[in-house]
Amino acid sequence: MTEDARRTGIYFDLKQNNFDYESYNKKSLEFLKDRLTDKGKTGAYVFNKMRFFLGERDHQYTFALTAEKSAMPFVNSLAVLGQMQYLVLVVLAAWSVLLQIRGNDNRWIFMLIALAGFISVYAFIEAQTRYRYEAYLIIIMLASHELGSLYSKYGSATK
């Protein structure tokens, strides 16, 4: 039981129940019982929550723009482009680290294995937008070797 609901994440749920804790607790218990008995609903609920958590929508736009501007096709295009860029960089960084591990120079093998582990954990667990930008620079640095290889192979052919 909290003393001040405004400091918790349940504020809006309580507001729907006119700040009646007993009613809120009863509805929460009903919700949990429903989720535990209907495994189909529970699976879909957990899947939707995880999809939301892992960056289904880039919420920097949600918080920075009004609802109308956030729903604009241009803003949605930017969000999709940002997610695609991030995915490509993570894949290239992982590929670069794996190629370095397979190379003949084993001086940095433990560091590279740690980086490969970091990338794999980071990509699937902490990909939520507000955490993503702290590691963006290291991912870009790791991906730069493969980006350079791709550019030298395909970029110079266009000249």
Side-chain angles (χ1 to χ4, degrees), residues 2 4-19 24 27-28 30-32 34-35 38-102 108 111-159:
T2 60
D4 184 5
R6 292 175 196 268
R7 295 184 184 171
T8 69
I10 63 169
Y11 173 77
F12 295 104
D13 293 335
L14 282 169
K15 187 175 179 181
Q16 289 176 347
N17 290 290
N18 295 321
F19 296 98
Y24 170 77
K27 286 185 180 180
S28 296
E30 289 172 13
F31 176 80
L32 286 173
D34 182 48
R35 291 294 183 240
D38 189 348
K39 291 178 179 42
K41 279 185 183 177
T42 304
Y45 179 75
V46 170
F47 177 78
N48 286 333
K49 286 291 187 182
M50 287 306 294
R51 188 179 72 203
F52 181 79
F53 175 74
L54 292 175
E56 170 197 38
R57 174 93 176 132
D58 194 338
H59 290 289
Q60 66 181 341
Y61 303 111
T62 305
F63 297 127
L65 302 173
T66 63
E68 303 88 39
K69 289 183 181 177
S70 182
M72 290 172 59
F74 178 71
V75 173
N76 287 325
S77 297
L78 286 177
V80 169
L81 182 65
Q83 287 176 331
M84 287 174 36
Q85 173 193 3
Y86 177 69
L87 179 64
V88 166
L89 286 172
V90 167
V91 168
L92 287 175
W95 183 252
S96 180
V97 168
L98 290 174
L99 287 178
Q100 292 295 322
I101 289 172
R102 291 186 56 172
W108 298 98
M111 181 62 145
L112 292 171
I113 289 171
L115 287 172
F118 169 76
I119 290 169
S120 61
V121 168
Y122 184 82
F124 298 107
I125 294 177
E126 293 196 68
Q128 193 177 31
T129 307
R130 65 175 174 239
Y131 301 124
R132 184 169 66 209
Y133 296 111
E134 280 86 6
Y136 228 117
L137 292 175
I138 188 74
I139 289 172
I140 289 170
M141 284 188 259
L142 291 171
S144 65
H145 184 267
E146 289 308 308
L147 284 170
S149 297
L150 288 172
Y151 180 75
S152 65
K153 186 174 185 178
Y154 298 109
S156 59
T158 60
K159 292 181 182 178

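Count residues from 1 along the sequence.
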May I ask you to test the Gln85-Leu81 pair for a side-chain heavy-atom distance under 4.5 Å?
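Not touching, per the 4.5 Å side-chain cut-off.
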Are the side chains of Asp34 and Glu30 in touch, meaning some heavy atoms are under 4.5 Å apart?
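Asp34 vs Glu30: side chains apart.
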Not counting sequence neighbours, which residues clear salt bridge (charged side-chain N to carboxylate O under 4.0 Å, His left out) with Lys69? List them please.
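Lys69 satisfies salt bridge (charged side-chain N to carboxylate O under 4.0 Å, His left out) with no other residue.
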Report the distance from atom CH2 of Trp95 to atom CG of Leu99, rounding to the nearest 0.5 Å.
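With rounding to 0.5 Å, CH2 (Trp95) is 5.0 Å from CG (Leu99).
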Hey, mind stepping through Val80 and Met84 against side chain to side chain contact (heavy atoms under 4.5 Å, CB included) and telling me if it holds?
CA-CA 6 Å; Val80 169; Met84 287 174 36; 3.9 Å; yes
Donor-acceptor pairs are to be reported for all side-chain atoms of residues 138-150 against protein atoms at under 3.5 Å, with residues two or more places apart or in another chain.
| unit_1 | atom_1 | unit_2 | atom_2 | d |
| --- | --- | --- | --- | --- |
| Ser144 | OG | Met141 | O | 2.6 |
| Ser149 | OG | His145 | O | 3.1 |

For Val46, which residues count as a side-chain contact (heavy atoms from CB on, under 4.5 Å) partner, sequence neighbours excluded?
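By the side-chain contact (heavy atoms from CB on, under 4.5 Å) rule, Val46 matches Thr42, Met50.
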